Amino acid sequence: MSFKLPEFDKKFFCIVNSTSINIAALISSYTYNKDFYTPFFECKTVTISKPDKIIEGFHEDYISVNLMEELDIKLSNTLNMIGSCEYLILGGLDEKQKSYLSFLDKYNVIDIQNEEEVHLYLGSICEKKEALRSNEKCILQSLFQAAKKNQYLQIDNTSDDIILPSENLDGLVVIEDIRMTSTITAINYALSICASVAIIDPPKIDASQVNSLIKAWTCGNTYEINNLRAEVYDSIEGINFSKYKFATFFTIGIPYSLVLENIIPISHVHLYLRPDFFVFNGIYYESNFIIESSIVFSPLEFSNEETEFVKNKLIRNHSVNPVLFS
């Protein structure tokens, strides 16, 4: 099981408002470049512009200010890691959000405020000649389809729904459609590794209910795992996982591998925990560094553990050292 690791496309670097999914999808349809990954990051809503001076102590805007100051540093470092970009695109950011980005004067910035400006600013610098019309409901499916055809997106709510065809590819990326720009990162990732995509509705069960069901199951209540499957299964019942070699779920916290009983190797990326940096760092460090170490972790809560199997496989060619926590 392998795939070609994508390179970073240094022409564009995108920072988009976390709630501006339409603008994010339209921008991504223009910036997509086959076999490359365009750095694409989301910016959360902020309560105030960057203060002129440090506000001592805890205050009502403390969390918002600190998160944005941290984002500024991370984005600046990320730009340095890839060696700059030709165009830095801002999508749907307000003046408060932009006030925290200290590096904007170093780059050729394209500031896009609405859907109409996407084509106005990007149409002349991107090699996309045909449009794919999409209704807002199917914006993720349409972005994936447009990229495959080297087209750009246009929002047209009179357009029919788009159903993605089944593809004979090794990998599958399953994305919960939470109507946030973090899902655009998932689409871009799938495209960059040449994987199939399935868009699903997030299950109605919340994280606390999931945790309660799993805890009850591990304590011996075998019926609770069936209750969890019943809550989740409707979202994925139409997907034939056995035809793929691996799957990655972009999710708000549902343990799909548990429900599917690891029918194939399955990984999870949390849509609320900065998947933009997670994907970027995964590609960057896999391309630029050989870490030559790993951690095999298990809470030892399951009757059939894989830890010993993995350890015995590794010990043939590697130095394995147990780390025990009490």
Side-chain angles (χ1 to χ4, degrees), residues 1 3 21 138 140-141 143-144 163-219 221-279 282 295-307 309-310:
M1 181 175 64
F3 57 83
I21 185 170
C138 294
L140 295 178
Q141 294 90 330
L143 172 58
F144 187 76
I163 300 175
L164 295 177
S166 178
E167 300 177 287
N168 293 320
L169 300 172
D170 285 350
L172 173 67
V173 173
V174 184
I175 307 166
E176 292 178 351
D177 188 359
I178 62 170
R179 313 312 293 174
M180 301 287 285
T181 56
S182 54
T183 57
I184 304 298
T185 293
I187 293 287
N188 292 339
Y189 170 72
L191 288 164
S192 72
I193 66 168
C194 197
S196 293
V197 160
I199 310 298
I200 64 173
D201 293 326
K204 296 178 181 179
I205 187 172
D206 61 36
S208 62
Q209 290 175 294
V210 171
N211 291 336
S212 296
L213 290 172
I214 292 177
K215 184 175 181 179
W217 172 58
T218 57
C219 290
N221 190 339
T222 57
Y223 293 104
E224 296 295 13
I225 191 63
N226 292 327
N227 291 332
L228 177 59
R229 291 193 181 103
E231 292 284 353
V232 174
Y233 190 70
D234 284 348
S235 296
I236 56 175
E237 64 176 336
I239 303 173
N240 180 12
F241 288 93
S242 62
K243 66 178 289 188
Y244 300 100
K245 293 183 178 179
F246 66 92
T248 298
F249 282 85
F250 283 76
T251 170
I252 56 174
I254 304 301
Y256 290 97
S257 57
L258 184 62
V259 174
L260 292 167
E261 298 181 332
N262 288 313
I263 185 174
I264 56 174
I266 294 173
S267 57
H268 301 81
V269 180
H270 204 298
L271 286 167
Y272 290 161
L273 301 179
R274 302 299 328 199
D276 45 6
F277 283 102
F278 182 82
V279 170
I295 297 175
V296 180
F297 170 80
S298 172
L300 301 177
E301 293 283 352
F302 302 100
S303 58
N304 185 15
E305 287 285 341
E306 297 177 346
T307 313
F309 172 79
V310 174

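Atom set for the values below is all heavy atoms of this structure, side chains included, hydrogens, waters and symmetry mates excluded. Remember, predicted model here, so these are calculated numbers, not experimental data.
- Nearest heavy atoms, F249 versus I236: CE2-CG2, 4.2 Å.
- At a threshold of 4.5 Å between non-hydrogen side-chain atoms, the residues P255 and L228 count as touching.
- Listed for the H268 side chain is no donor-acceptor partner under 3.5 Å among the backbone atoms of G253.
- Counting heavy atoms of neighbouring residues, nucleotides and ligands inside a 6.0 Å radius, atom CG of D201 does not exceed 12 of them.
- Contact check for D206 versus V210: no side-chain heavy atoms found under the 4.5 Å cut-off.
- Here the SG atom belonging to C194 is positioned 9.0 Å from the CG atom belonging to D170, to the nearest 0.5 angstrom.
- For H270 (side chain) and I252 (main-chain N/O), a donor-acceptor pair under 3.5 Å exists by modelled atom type.
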Evaluation steps, side chain to side chain contact (heavy atoms under 4.5 Å, CB included), between V174 and T248: CA-CA 6 Å; V174 184; T248 298; over 6 Å; no
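- For S192, there are no side chain to side chain donor-acceptor pair (under 3.5 Å) partners two or more places apart in sequence or in a different chain.
- When side chains are defined from C-beta on, I214 counts as touching T218, because their heavy atoms get closer than 4.5 Å.
- Side-chain contact between P203 and E176 is present, with at least one heavy-atom pair separated by less than 4.5 Å.
- Annotation: salt bridge (Lys or Arg N to Asp or Glu O under 4.0 Å) contacts involving residues 188-197, sequence neighbours excluded, are absent.
- When all heavy atoms of P265 and K245 are compared, the closest pair comes out as CD-O, 3.2 Å.
- Residue Q209 holds its CD atom at 11.0 Å from CG of N227, rounded to the nearest 0.5 Å.
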Residues I199, F144; criterion side chain to side chain contact (heavy atoms under 4.5 Å, CB included); working and verdict: CA-CA 10 Å; I199 310 298; F144 187 76; over 6 Å; no
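- Put simply, the residue from I225, V232, I266 that forms a side-chain contact (heavy atoms from CB on, under 4.5 Å) with L258 is I225.
- Atoms CG and OG, from D177 and S235 in turn, are 11.5 Å apart once rounded to the nearest 0.5 Å.
- Scanning both residues, P275 and V269, for their nearest heavy atoms gives CB-CG1, 3.8 Å.
- Scored by the side chain to side chain donor-acceptor pair (under 3.5 Å) test, N262 finds no partners at all (sequence neighbours excluded).
- Pairs of residues two or more places apart, or lying in two chains, that qualify as salt bridge (Lys or Arg N to Asp or Glu O under 4.0 Å) and include a residue from residues 251-277 are R229-E261, R274-D276.
- The closest side-chain heavy-atom distance from L271 to T251 is not below 4.5 Å.
- For the side chain to side chain donor-acceptor pair (under 3.5 Å) test, no residue two or more places apart in sequence or in another chain qualifies with E231.
- Atom CD1 of I21 sits about 4.5 Å away from atom CZ of R179, to the nearest 0.5 Å.
- Counting non-hydrogen atoms of other residues, nucleotides and ligands closer than 6.0 Å to NZ of K243 gives a total above 12.
- The nearest pair of heavy atoms linking L172 to A195 is N-CB, 4.3 Å.
- Separating the CG atom in N240 from the OG atom in S166 is a distance of 7.5 Å, to the nearest 0.5 Å.
- In this structure, Y189 and F250 have tilted ring planes: the angle between them lies in the 30° to 60° band.
- Expressed to the nearest 0.5 Å, how far CG of L140 lies from CD1 of I200 amounts to 11.5 Å.
- Scanning for ring-ring contact (aromatic ring centres under 6.0 Å, His included) contacts around Y233 gives an empty result, with sequence neighbours left out.
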Verdict with reasoning, S242 to I264, per side chain to side chain contact (heavy atoms under 4.5 Å, CB included): CA-CA 7 Å; S242 62; I264 56 174; 5.7 Å; no
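- A donor atom on one side chain and an acceptor atom on the other are not found under 3.5 Å apart for Y244 and E167.
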Test log, rule side chain to side chain contact (heavy atoms under 4.5 Å, CB included), inputs I178 and T183: CA-CA 7 Å; I178 62 170; T183 57; 3.9 Å; yes
